[in-house]
Amino acid sequence: LILVTELDYIEDVEHLFQLASIELPSNAAIVSTKWLSDCIRAKALTTPEKQHFLCRKAPEKKLPEDSATSTDISSASAAAFPTEFLCQMRCPLEHHNASLAQALSVLARNSEHQYGITKDQQYYAKALAFDRAAACLKSLQQPLLSISQLTDSCPRYIGDHAIRIITELLNTGASAEVDAVTGSDLYQCMTNLTAVYGVGQALAYKWYSCGVKSVSDATHRLLRHHECGEGQQQKRDSELVALLPMGGGDHKRLQTGLAFHNDLVNKPVALAEASYFRDLIAKLLLELRGPGFTVTLVGGFSRGKSTGHDCDLLITHDVEGREAGAVSDLARVLTAAGMVIHGTFEANSFSPSVLSRDFRVKELRSTLDHFEKWLGVIKLSSRDADSSTVDRDVESIMAKIDGNGCDRRGEGLPAAKRRALSPNYCAFDSFAEAVAMAGGEAGAASASRGWLARRVDLIAVPQSQYAYALLGWTGNRLFNRDLRLFAQRQRRMKLTSHGLFDLQKEASLPASSEEEIFQHLGLDYIPPKFRNC
DNA sequence: GAGCAAAATTT
DNA sequence: AAATTT
DNA sequence: GCTC
Ligand SMILES: Cc1cn([C@H]2C[C@H](O)[C@@H](COP(=O)(O)OP(=O)(O)OP(=O)(O)O)O2)c(=O)[nH]c1=O
Ligand SMILES: [Mg+2]
């Protein structure tokens, strides 16, 4: 007896039979639809093999999730936990309600587009609400098969509208509202345009209104605009000025996003690639600044994703303060090695005066040009990267910078020369040059050029802020927003990626690990793989 | 009806 | 202040 | 849109 299913886990099948009050035959081989495909391809019934059989879920919950550990908290603060926040739900990357969650996130993105179009803040909030509802579904331990499972006790953040969508999907397999959005020209174009680095909802809609509906439309129009601009055709200019972000400006970031769009959006960064870059940065730091640095791959990869839209690296040093200047040094050598297409520095200044301790730190350091963050688009080799190539690549980079007369450390440079390197860098002068560098408009030449354009975030923080930076940069975005909301609303504390400030004690709370931060907040620790809200 | 995370930069 | 990014 |  062979049982073919589209469900992902044996537990899901058991659950379904249980709901239907049918006994699951004990002699049934439970296989995925892949078995069926293979049989069809073989034009014969074949014996199911290992890769066809469904698995049981890995025993994740080693922790006895009983009330024992949480009684002290929940009994003491039953009123403080009226309902569960998203940041306490465990949201794994792969879950049991992907299609339902996807439907709700379509409505979230649509609300975001509406926000860009109307500037009505209500739409921004609606997008948040739909994202939260989707996240709730990700935390469910079983696939939702009947709406009655929700009507008894509904998770926080799932309200009337979400229930309506879910009911529709469960009963008919489709939702008229979601399908209308998905099928609309506006939604499709806004989705494609806002995917470009440097294009937000406002510019995307401006372009859409002008008939620029795709990335290639935008690229062509911008190329023509620049040609005509140099040929001083003023009336052409006035037609197309609407295409650019407000004011004049450089638009180098936008130009980078457009020219390298195919690499940046259609070729996601693989884990192996990100790990390679982490190793490269770690070894460069050792060469440039000596031992004591740690470089951690954060962002989506640290939550278990196997691909990402960028590579986020968090840097710190055993000795407080020694991390200062590390980001500048790295950006400088990467630039000198010819790897950088576009890069911007950001300073680490704390505007909220509530973080008084950190405020003083800022004032102490503000005289130095202390950059903590660098956002870059760089060329990374598209050949297979393994650990043996890292050493070679480090050597080659060091050779290039020594040959260029580039200081290994920024300290020796006069202030004027340093400013020339910062805060912005761009390897091309015109959009046409950028497109040429990318290998033409189709961007098809990436195989022959031997490299891919990759977005990279480098963040360096002192040891004392490391735990907060790690928490913040591990994300995801929705998890951060909900955790920070919890801190503010339930604990009267202000949480940022630099620290946690108790507004009543008027004191910031040091932490040396993520676990300590959760303790400060009175929450059970949620490991990164369950922060995929 | 109020609030929705919090930070940075650029024009 | 608006727009974009993390 | 959802919670308080
Ligand atoms: C975009 C964004 C990110 N962050 C934090 C959480 C993110 O995990 C972290 C890195 O940002 P991202 O690199 O934008 O997000 P990501 O790494 O989670 O996803 P991807 O794989 O697509 O790169 O920064 C915020 O706190 N707020 C934000 O608005
Ligand atoms: Mg990332």
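Each chain gets a letter, A, B and so on, in the order the sequences are listed, and its residues count up from 1. These figures come from a predicted structure and were not determined experimentally.
Of all the heavy atoms in A:Leu264 and A:Gly257, the pair that sits closest is CD1-CA, 4.2 Å.
Each of A:Asp217, A:Val215, A:Val199 was evaluated against A:Trp207; a single residue qualifies, A:Val199, per the side chain to side chain contact (heavy atoms under 4.5 Å, CB included) test.
Of the residues in residues 474-485 of chain A, those lying under 4.0 Å from DNA chain C by heavy-atom distance are A:Arg477. Residues from residues 165-182 of chain A placing a heavy atom under 4.0 Å of any atom in DNA chain D do not occur. Looking at residues 120-128 of chain A, you'll see A:Gln122, A:Ala125, A:Lys126 sit with a heavy atom under 4.0 Å from some atom of DNA chain D.
Residue pairs meeting the ring pair (Phe, Tyr, Trp, His ring centres under 6.0 Å) criterion with at least one partner in residues 178-205 of chain A, sequence neighbours excluded, are A:His113-A:Tyr187.
With hydrogens and angles left out, the side-chain atoms of A:Glu516 and A:Ser512 include a donor and acceptor closer than 3.5 Å.
You'll find that the side chain of A:Pro423 is closest to B:dT10, out of B:dT10, C:dT4, D:dC2. Checking B:dT9, D:dG1, B:dA7 against the side-chain heavy atoms of A:Glu346 singles out B:dT9 as nearest. With D:dC2, B:dT9, B:dA7 as the choices, the nucleotide that has an atom nearest any side-chain atom of A:Ala162 turns out to be D:dC2. In this structure, of B:dT9, C:dT5, D:dT3, it is D:dT3 that holds the atom nearest to the side chain of A:Tyr157.
Partners of A:Phe428 according to the ring-ring contact (aromatic ring centres under 6.0 Å, His included) rule, which considers only residues two or more places apart in sequence or in another chain, do not exist here. Residues meeting the salt bridge (charged side-chain N to carboxylate O under 4.0 Å, His left out) test with A:Arg531, sequence neighbours left out: A:Glu514. Looking at residues two or more places apart in sequence or on another chain, you find no ring-ring contact (aromatic ring centres under 6.0 Å, His included) involving A:His520. Scanning for side chain to side chain donor-acceptor pair (under 3.5 Å) contacts around A:Thr344 gives an empty result, with sequence neighbours left out. Shown here are the salt bridge (charged side-chain N to carboxylate O under 4.0 Å, His left out) partners of A:Lys213, two or more places apart in sequence or in another chain: A:Asp185. Residues passing the side-chain contact (heavy atoms from CB on, under 4.5 Å) test with A:Arg489 are A:Leu485, sequence neighbours excluded. In this structure, the side-chain contact (heavy atoms from CB on, under 4.5 Å) partners of A:Ser497, at least two apart in sequence or on a different chain, are A:Arg484.
Rounded to whole Å, atom P of C:dT4 lies 12 Å from atom NE2 of A:His113. Between the CZ atom of A:Arg109 and the P atom of D:dG1 there is a distance of 15 Å, given to the nearest Å. The distance from atom NZ of A:Lys373 to atom C1' of C:dT4 is 12 Å, rounded to the nearest whole Å. The distance from atom CZ of A:Arg489 to atom P of D:dC2 is 17 Å, rounded to the nearest whole Å. Rounded to whole Å, atom C1' of B:dT10 lies 13 Å from atom CG of A:Leu375. If you measure from atom CD of A:Gln114 to atom C1' of D:dG1, you get 14 Å, rounded to the nearest angstrom. A straight line from OH of A:Tyr115 to P of B:dG3 spans 16 Å, rounded to a whole angstrom. Rounded to an integer number of Å, the gap from CG of A:Asp312 to P of C:dT5 is 15 Å.
Taking only side-chain nitrogens and oxygens, A:Asn424 never comes nearer than 4.0 Å to OP1 or OP2 of B:dT9. Taking side-chain N and O atoms only, A:Arg156 has a distance below 4.0 Å to OP1 or OP2 of D:dC4. The shortest distance between the side-chain N/O atoms of A:Lys252 and the OP1/OP2 oxygens of B:dT10 is not below 4.0 Å.
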Distance-only check: which donor-acceptor pairs under 3.5 Å involve side-chain atoms of residues 122-131 of chain A, not counting sequence neighbours?
| residue | atom | partner | partner atom | Å |
| --- | --- | --- | --- | --- |
| A:Tyr124 | OH | A:Arg481 | NH2 | 3.4 |
| A:Asp131 | OD1 | A:Arg109 | NH1 | 3.4 |
| A:Asp131 | OD2 | A:Arg109 | NH2 | 2.9 |

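Residue A:Val196 is in sugar-phosphate contact alone, with no base atom involved, counting any heavy-atom pair closer than 4.0 Å across all strands shown. Note on A:Ile459: nothing from the nucleic acid sits closer than 4.0 angstrom, heavy atoms only. Across all strands, A:Ile158 comes closer than 4.0 Å only to sugar-phosphate atoms, never to a base (heavy-atom distances).
Separation of the P atoms belonging to D:dT3 and B:dA5 is 15 Å when rounded to the nearest angstrom.
Between A:Phe293 and A:His317, the distance separating the two ring centers is shorter than 6.0 angstrom.
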